[in-house]
Amino acid sequence: MLGRVDITAFLGRLSFLNHRGDISACTQYMTVRDIRRVLTRLRTLGLTTPGQPLHGLADDFALRQEDIPDDPEDFEAGRDLPPEVMRQLCANLDSLETVSSTDVRTTIELIIDTGRRPNEICKLPWQCLDRESDGTPVLVYDNTKNLRHARRLPISGATAALVIRQQQRARARFPATPTDKLKLFPAGLANPHGTKATTYEWVSAKHRAWVKGLPDFLVPTVIVEEGNRVTTMLPFDKNKIYPYAYRHTYAQRHADAGVPPGRSPIVDGSPRGQHHAAVLPRR
């Protein structure tokens, strides 16, 4: 019978996969969080009571609050990428498309441009582009983490053009699927109608392989030589370049521009986002 020992083994396996680099900290966090919700919901629906399909499931076969690992958005907040690194990454987006796909490249570009969580971009519906009354384009997305749906983010014309081109590609692949069912970034496998979105894990793995294959990112670094502080160009740690870092960089860019914390687009109604925006220093 399933019990706490199985929960412990499951948590240990996820931790091992994260430390080995097979899954990201974000994937580990979301997996444990979502399974906890499912198990709690099954019990709330009474499915473990006598006569129900899960009758007999041990009470300790459950994920506790303390079992959920730290949210990467908490402990990685503020870890933005230096401008030198961002310039080199953007200059090499063509090579990202070469080693992965146009969909992956566009996903990364939208994360960079909008500062949304990677999973929010991956799960965008085909009908995600709208316009305000003055014609300003807006990205319509679901902030599933905070259960806030159909959020509207003003975007530039260039970013809107990215979305339109991606819509055209998705529609060309699945011409018979109604647009209200189609995903902007349809998964490549087991997805005959384009109704299943690509996963953050897939995009993250392709992004990681791309970054590892790029030349070193040299950034100005202050060191001490013979008692004197000097600036030299040293390689930037590539392990710090992951899709979520673009969200932090987006937030820092707005802080540098003098955007008040309460008006930062990174906030999106999230108390944690408000905290992150408030602590970002202007440089």
Side-chain angles (χ1 to χ4, degrees), residues 1-20 22-77 107 111 115-125 128 140-151 153 180-181 183-187 189-191 195-205 242-244 247-248 266-276:
M1 180 179 293
L2 295 173
R4 182 63 190 177
V5 63
D6 300 290
I7 292 291
T8 302
F10 170 71
L11 293 171
R13 179 62 179 174
L14 285 180
S15 181
F16 168 74
L17 292 175
N18 172 236
H19 289 143
R20 196 171 68 176
D22 293 343
I23 63 174
S24 66
C26 183
T27 298
Q28 181 185 7
Y29 163 76
M30 291 191 298
T31 300
V32 178
R33 180 200 63 186
D34 292 347
I35 291 180
R36 182 173 186 261
R37 287 177 178 173
V38 169
L39 291 176
T40 300
R41 183 63 173 163
L42 293 175
R43 287 187 166 87
T44 302
L45 292 173
L47 296 180
T48 59
T49 57
Q52 296 299 313
L54 298 180
H55 177 230
L57 187 67
D59 290 340
D60 63 355
F61 187 73
L63 286 161
R64 305 164 183 164
Q65 181 64 41
E66 59 267 27
D67 292 330
I68 302 178
D70 290 331
D71 184 347
E73 188 172 354
D74 288 343
F75 65 78
E76 291 174 355
T107 303
I111 295 170
R116 298 309 90 189
R117 297 179 181 90
N119 204 46
E120 293 169 352
I121 295 297
C122 290
K123 293 184 180 300
L124 282 173
C128 64
V140 183
Y141 68 99
D142 290 336
N143 179 345
T144 53
K145 179 177 179 180
N146 297 298
L147 303 179
R148 298 174 67 88
H149 300 290
R151 308 304 295 164
L153 177 75
D180 62 340
K181 303 293 184 183
K183 295 298 182 181
L184 185 65
F185 297 104
L189 299 175
N191 189 30
T195 56
K196 185 172 71 172
T198 192
T199 65
Y200 166 64
E201 291 77 15
W202 170 257
V203 173
S204 180
Y242 46 88
Y244 230 105
R247 177 170 169 84
H248 307 321
I266 205 72
V267 173
D268 189 29
S270 164
R272 182 172 291 123
Q274 293 171 3
H275 167 72
H276 288 168

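This is a predicted model, so every value here is computed, not measured. Quick note: numbers below take in every heavy atom, side chains included, and nothing from hydrogens, waters or symmetry partners.
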So, taking the atom named [atom1] in [X] and the one named [atom2] in [Y], what distance separates them when rounded to the nearest 0.5 Å?
{"X": "Asn119", "Y": "Thr27", "atom1": "CG", "atom2": "OG1", "result": "8.5 Å"}
{"X": "Lys196", "Y": "Leu189", "atom1": "NZ", "atom2": "CG", "result": "7.0 Å"}
{"X": "Ile111", "Y": "Ile121", "atom1": "CD1", "atom2": "CD1", "result": "6.0 Å"}
{"X": "Phe10", "Y": "Phe61", "atom1": "CZ", "atom2": "CZ", "result": "8.5 Å"}

Of all heavy-atom pairs between [X] and [Y], which one has the smallest distance, and what is that distance?
{"X": "Cys128", "Y": "Leu184", "answer": "SG-CD2, 3.8 Å"}
{"X": "Ala150", "Y": "Asp142", "answer": "N-OD1, 2.9 Å"}
{"X": "Leu2", "Y": "Ala58", "answer": "O-CB, 3.4 Å"}
{"X": "Trp202", "Y": "Thr198", "answer": "CD1-OG1, 3.4 Å"}
{"X": "Tyr29", "Y": "Pro69", "answer": "CD1-O, 3.4 Å"}
{"X": "Gln52", "Y": "Gly46", "answer": "CG-O, 3.2 Å"}

So, does [X] use its side chain to make a donor-acceptor pair with the main chain of [Y] at under 3.5 Å?
{"X": "Asn191", "Y": "Thr195", "result": "yes"}
{"X": "Lys183", "Y": "Leu124", "result": "no"}
{"X": "Arg4", "Y": "Ala62", "result": "yes"}
{"X": "Asn18", "Y": "Ile23", "result": "yes"}

(request) Under the side-chain contact (heavy atoms from CB on, under 4.5 Å) rule, what do Tyr141 and Arg116 come out as? Steps first, then yes or no, please. (result) CA-CA 9 Å; Tyr141 68 99; Arg116 298 309 90 189; 2.9 Å; yes
(request) Could you give me the CA-CA distance, side-chain angles and deciding distance for Tyr200 and Ser24, then say whether side-chain contact (heavy atoms from CB on, under 4.5 Å) is met? (result) CA-CA 10 Å; Tyr200 166 64; Ser24 66; 3.6 Å; yes
Would you be so kind as to tabulate the donor-acceptor pairs closer than 3.5 Å made by side chains of residues 34-42, with sequence neighbours excluded?
{"unit_1": "Arg36", "atom_1": "NE", "unit_2": "Leu63", "atom_2": "O", "d": "2.9"}
{"unit_1": "Arg36", "atom_1": "NH1", "unit_2": "Gln65", "atom_2": "OE1", "d": "3.3"}
{"unit_1": "Thr40", "atom_1": "OG1", "unit_2": "Arg36", "atom_2": "O", "d": "2.8"}

(message) I'd like to know if Asp22 pairs up with Arg13 as an ion pair, taking the criterion as any Lys NZ or Arg NE/NH1/NH2 lying under 4.0 Å from an Asp or Glu carboxylate oxygen.
(response) no
(request) Return yes when atom CG of Asp59 has more than 12 non-hydrogen atoms of other residues, nucleotides or ligands closer than 6.0 Å, and no otherwise. (result) no
(request) Could you check Glu201 against Met30 for side-chain contact (heavy atoms from CB on, under 4.5 Å), going step by step and ending with a plain yes or no? (result) CA-CA 11 Å; Glu201 291 77 15; Met30 291 191 298; 4.2 Å; yes
(request) Determine, step by step, whether Cys122 and Thr107 satisfy the side-chain contact (heavy atoms from CB on, under 4.5 Å) criterion, reporting the C-alpha distance in whole Å, the side-chain angles of both residues, the deciding distance to 0.1 Å, and the verdict. (result) CA-CA 7 Å; Cys122 290; Thr107 303; 4.0 Å; yes
